[in-house]
J.: 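Next up is a structure, given as structure tokens.
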Amino acid sequence: MDAKSFIGDTLKYAFPSVVSALVTIVAIPLITRLYPASDYGIISLYYSMGTLLASLFTLGLTNACVRFFYEPPHDATSKQLFNFTFFVGILVTSVVFVFTYIFAGQTVSIYLFGSYDPIALVLFFIYIISTICYRLQMQFARLSGSVISFNAQQIAYIVSNKLLFVVAVGYSTDYIYAILLITVATAAEVLFVGSRSLKFEKALPGSKAKKDMLTFSLPLLPKDAAVMIDSSVGKLIPSFFQDFYSLGVLAMATTIANAFALIGSAFSVYWGPFVYKNYKTDQQFIKQIHNYVVLASIAMTLAVFLFQDALFLMLDDSYRVSQSYFMLLMLMPAQILISETTTYGITLANKTNIAMVISLVSCSANLLISFFLYPFLGPLSCAIGIGVSSVLRLTIGTIEGQKFYSSISSARQTTYGVVVIAIVCVINLLVFNSFRFRFAIFSVAFIVTCIVYRDEVKRVLHLLKAAAAKLHA
């Protein structure tokens with residue numbers, strides 16, 4: 001495959017990520033000036049925990065749907081695989097809701113909302129069910145090649161979950177009205193899409209197909225749980241200490257970092273299926289893409305490092321205290337993007353146990369650092385935990401992934417890329433308030449990177465010149 005075709009195919013599925021980034025840019029000034037940090041912290045925790053539990057309550061079967069979509073086992077159909085996943089998700093959620101409401105409603109409610117709120121708790125489980133349905137509908141559209149449907153669903157979900165709740169501030173800044181609007185909007189979107197575009201078959205797959213799906217998905221469940229918890233530690237730990245103000249501040253900083261993580265997420269939407277389909281025939285091309293991905297990660301990190309003041313100008317003063325440790329959070333999007341091109345060997349070799357160990361190690365490091373240092377460092381401890389976890393996940397995942405499938409043409413270049421990103425993110429703790437020092441560090445890193453990746457830089461410039469010439473033609 002040539003570079004132009006690959007870029008074109010990738011961009012087809014990147015549109016929702018672009019919209020999400022734009023929504024974030026629009027929402028940040030509004031949210032930070034309209035919502036107190038403590039209320040926004042609760043809203044953000046609601047969204048994150050709902051997404052986390054929606055993933056866990058399907059028992060990892062969404063992964064099985066992706067794995068077996070083009071090769072359904074034992075005469076099952078791809079739609080039946082989704083039916084089974086939907087059935088399991090609703091069943092597990094319903095059982096957990098009944099148990100929680102009867103035996104642990106007050107404890108869970110205080111953790112999530114800071115006080116006992118039975119109405120908010122009911123809304124929370126409705127939101128989990130709606131999120132499960134959304135994820136299945138979105139995955140089905142993606143795997144079916146329905147680009148328009150996939151993009152439309154993604155955009156609707158982004159708007160309803162990340163922007164629409166701002167409307168509630170016209171009535172009150174209390175979190176309950178925001179989460180009510182988020183839940184109703186998500187449920188309405190799911191019902192609309194389900195009634196118009198996704199017609200599931202009534203039959204479930206046979207017992208052998210169910211067994212194959214569960215055999216594939218259950219070993220991945222601890223890994224998925226660790227990954228999701230790992231990404232949510234910055235909200236879970238402050239909530240445990242009932243520090244909702246710091247939760248809100250840290251959540252907003254994470255939201256900004258996640259806007260850049262969308263680059264990796266958008267890339268993975270096309271890259272994952274591409275690797276599974278072409279890893280035997282296009283290994284050299286995969287290695288080339290890896291070099292460009294590392295280069296893009298360096299460029300993204302350096303740009304944010306230099307121009308972070310502009311990002312934080314969008315925030316209200318009460319949220320800007322996170323700038324000192326913000327770059328530690330940027331290790332996460334850099335890790336997500338690079339890992340997409342270095343760790344697929346683990347999956348291709350069906351070494352799910354290795355993936356599980358990596359996730360558990362990185363997640364444990366994050367939790368331990370964040371929890372034990374929080375009483376002394378506050379939200380900075382969570383930023384350190386996220387940074388350490390990201391470096392561990394990338395390093396161990398890359399080493400193990402390359403044992404089973406080589407996707408790195410130059411270990412020297414890749415090592416340089418990871419090291420320079422880590423150094424820049426850590427040193428920001430000392431120079432975040434000095435543009436002069438940041439510019440000096442940026443300049444040195446930029447020049448050295450252009451030398452180390454000179455061939456890739458030349459090709460990128462060539463593509464940009466060709467694109468510019470085509471526009472002027």
Side-chain angles (χ1 to χ4, degrees), residues 37-38 40-42 44-49 52 107 110-114 222-223 225-258 260-261 301 304-305 308 311-312 315 318-336 339 357-397 418-419 421-434:
S38 56
Y40 175 69
I42 294 174
S44 181
L45 181 66
Y46 180 88
Y47 167 82
S48 296
M49 287 298 294
L52 167 63
T107 301
I110 290 174
Y111 176 80
L112 289 172
F113 312 114
K223 178 188 79 74
V227 171
M228 295 292 289
I229 293 172
D230 200 15
S231 64
S232 303
V233 165
K235 298 173 185 178
L236 300 177
I237 299 301
S239 179
F240 177 84
F241 287 98
Q242 294 289 284
D243 186 3
F244 289 104
Y245 169 75
S246 294
L247 193 161
V249 172
L250 185 59
M252 182 53 66
T254 305
T255 296
I256 299 173
N258 284 341
F260 295 96
T301 304
V304 174
F305 173 71
Q308 60 186 274
L311 291 174
F312 279 84
L315 275 61
S318 60
Y319 286 82
R320 292 179 188 173
V321 294
S322 61
Q323 186 172 354
S324 61
Y325 57 77
F326 169 69
M327 287 304 299
L328 291 175
L329 303 177
M330 283 298 299
L331 284 167
M332 180 178 59
Q335 174 268 136
I336 290 173
S339 291
V357 171
I358 293 171
S359 297
L360 290 175
V361 168
S362 59
C363 180
S364 298
N366 193 353
L367 281 171
L368 291 172
I369 292 171
S370 300
F371 182 80
F372 286 107
L373 292 183
Y374 198 88
F376 308 100
L377 301 178
L380 173 59
S381 67
C382 296
I384 294 172
I386 291 170
V388 170
S389 171
S390 298
V391 172
L392 281 175
R393 184 183 298 277
L394 175 60
T395 303
I396 302 173
V418 174
V419 170
I421 289 171
I423 290 175
V424 166
C425 291
V426 172
I427 206 170
N428 186 69
L429 287 166
L430 302 175
V431 300
F432 72 94
N433 57 356
S434 173

J.: Quick one: does Asn258's side chain get under 4.5 Å of Met332's, heavy atoms only?
T.: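 A side-chain contact exists here, since the closest heavy-atom pair is under 4.5 Å.
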
J.: Do the side chain of Ser359 and the main chain of Ala226 share a donor and acceptor less than 3.5 angstrom apart?
T.: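 No; judged by distance alone, with no hydrogens or angles, the pair does not exist.
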
J.: Taking atom CG of Leu52 and atom OG of Ser48, what is their separation to the nearest 0.5 Å?
T.: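 Going from the CG atom of Leu52 to the OG atom of Ser48 covers 8.5 Å.
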
J.: If only atom types and distance count, is the side chain of Ser231 paired as donor or acceptor with the main-chain N or O of Met228 below 3.5 Å?
T.: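 Checked: pair present.
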
J.: Using distance alone, with no hydrogens and no angle criterion, decide if Asn428 and Gln308 have a side-chain donor and acceptor under 3.5 Å apart.
T.: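 Side-chain D/A pair, Asn428 to Gln308: present.
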
J.: One pair to check against side-chain contact (heavy atoms from CB on, under 4.5 Å): Leu45 and Leu112. What are the steps and the verdict?
T.: CA-CA 7 Å; Leu45 181 66; Leu112 289 172; 4.1 Å; yes

J.: Between Tyr325 and Ser381, is there a side-chain donor-acceptor contact under 3.5 Å, judged purely by atom types and distance?
T.: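 No, no side-chain donor-acceptor pair sits under 3.5 Å.
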
J.: CD1 of Ile386 to CG of Asp230: how many Å apart, nearest 0.5 Å?
T.: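 So the gap between those two atoms works out to 8.0 Å.
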
J.: To the nearest 0.5 Å, what is the distance between SG on Cys382 and CG on Leu247?
T.: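 Answer rounded to 0.5 Å: 8.5 Å.
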
J.: Show, in sequence, the C-alpha distance, side-chain angles and deciding distance for Leu373 and Leu380, and conclude whether the side-chain contact (heavy atoms from CB on, under 4.5 Å) test is met.
T.: CA-CA 9 Å; Leu373 292 183; Leu380 173 59; over 6 Å; no

J.: Would a 4.5 Å heavy-atom cut-off, applied to side chains only, mark Pro379 and Ser322 as touching?
T.: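 Counting from C-beta outward, Pro379 and Ser322 never come under 4.5 Å.
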
J.: Once you round to the nearest 0.5 Å, how far does CD1 of Ile237 lie from CZ of Phe372?
T.: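 The CZ atom of Phe372 is 9.5 Å from CD1 of Ile237, to the nearest 0.5 Å.
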
J.: Is there a donor-acceptor contact under 3.5 Å from the side chain of Ser239 to the main chain of Lys235?
T.: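 Judged by distance alone, no pair lies under 3.5 Å.
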
J.: Do Leu394 and Val418 have side-chain heavy atoms sitting under 4.5 Å apart?
T.: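 They are in contact (side-chain heavy atoms under 4.5 Å apart), so the answer is yes.
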
J.: Only counting residues at least two apart or in another chain, list the ones meeting ring-ring contact (aromatic ring centres under 6.0 Å, His included) with Tyr374.
T.: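 Only Phe241 meet the ring-ring contact (aromatic ring centres under 6.0 Å, His included) criterion with Tyr374.
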
J.: For the side chain of Tyr111 and the backbone of Leu236, is there at least one donor-acceptor N/O pair under 3.5 Å apart?
T.: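 At least one qualifying donor-acceptor pair exists.
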
J.: Hey, are the side chains of Cys425 and Ile421 touching, using non-hydrogen atoms and a 4.5 Å cut-off?
T.: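 With C-beta onward as the side chain, the pair touches.
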
J.: Working to the nearest 0.5 angstrom, can you tell me the gap between Ser389 OG and Ile384 CD1?
T.: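 Separation between the atoms: 13.5 Å.
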
J.: Side chains of Val227 and Arg393: does their closest heavy-atom pair fall under 4.5 Å?
T.: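 Answer yes - side chains close enough.
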
J.: For Gln335 and Val391: C-alpha separation, side-chain torsions, deciding distance, then whether side-chain contact (heavy atoms from CB on, under 4.5 Å) applies.
T.: CA-CA 7 Å; Gln335 174 268 136; Val391 172; over 6 Å; no

J.: At their closest point, which heavy atom of Ala334 faces which heavy atom of Thr301, and how far apart are they?
T.: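 Answer, listing the atom of Ala334 first, then Thr301: CB-OG1, 4.2 Å.
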
J.: For the side chain of Ser44 and the backbone of Tyr40, is there at least one donor-acceptor N/O pair under 3.5 Å apart?
T.: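 No; zero donor-acceptor contacts below 3.5 Å.
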
J.: State, with a plain yes or no, whether a side-chain heavy atom of Leu328 is found less than 4.5 Å away from one of Val388.
T.: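 No; the side chains remain at least 4.5 Å from each other.
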
J.: Would you say the side chain of Phe305 lies within less than 4.5 Å of the side chain of Met327, judging by non-hydrogen atoms?
T.: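 The answer is yes; the side chains approach within 4.5 Å.
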
J.: Roughly how far apart are Leu377 CG and Ile369 CD1, rounded to 0.5 Å?
T.: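 Rounded to the nearest 0.5 Å, the CG-CD1 separation comes out at 11.0 Å.
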
J.: Could you pull out the closest heavy-atom pair between Leu429 and Phe432, with the gap in Å?
T.: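 Smallest heavy-atom distance, with atoms named: O-CD2, 3.6 Å.
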
J.: Report the C-alpha distance between Leu392 and Ile358 in whole Å, list the side-chain angles of each, state the deciding distance to 0.1 Å, and finish with yes or no for side-chain contact (heavy atoms from CB on, under 4.5 Å).
T.: CA-CA 8 Å; Leu392 281 175; Ile358 293 171; over 6 Å; no

J.: Is any side-chain heavy atom of Leu329 closer than 4.5 Å to one of Leu250?
T.: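 Yes, close enough: below the 4.5 Å cut-off.
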
J.: For a ring-ring contact (aromatic ring centres under 6.0 Å, His included) check, start with the C-alpha distance between Phe326 and Phe312, then their side-chain angles and the critical distance, and finish with the verdict.
T.: CA-CA 10 Å; Phe326 169 69; Phe312 279 84; 5.3 Å; yes

J.: Are side-chain N/O atoms of Ser370 and Asn366 paired as donor and acceptor at under 3.5 Å?
T.: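 Ser370 vs Asn366: donor-acceptor pair found between side chains.
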
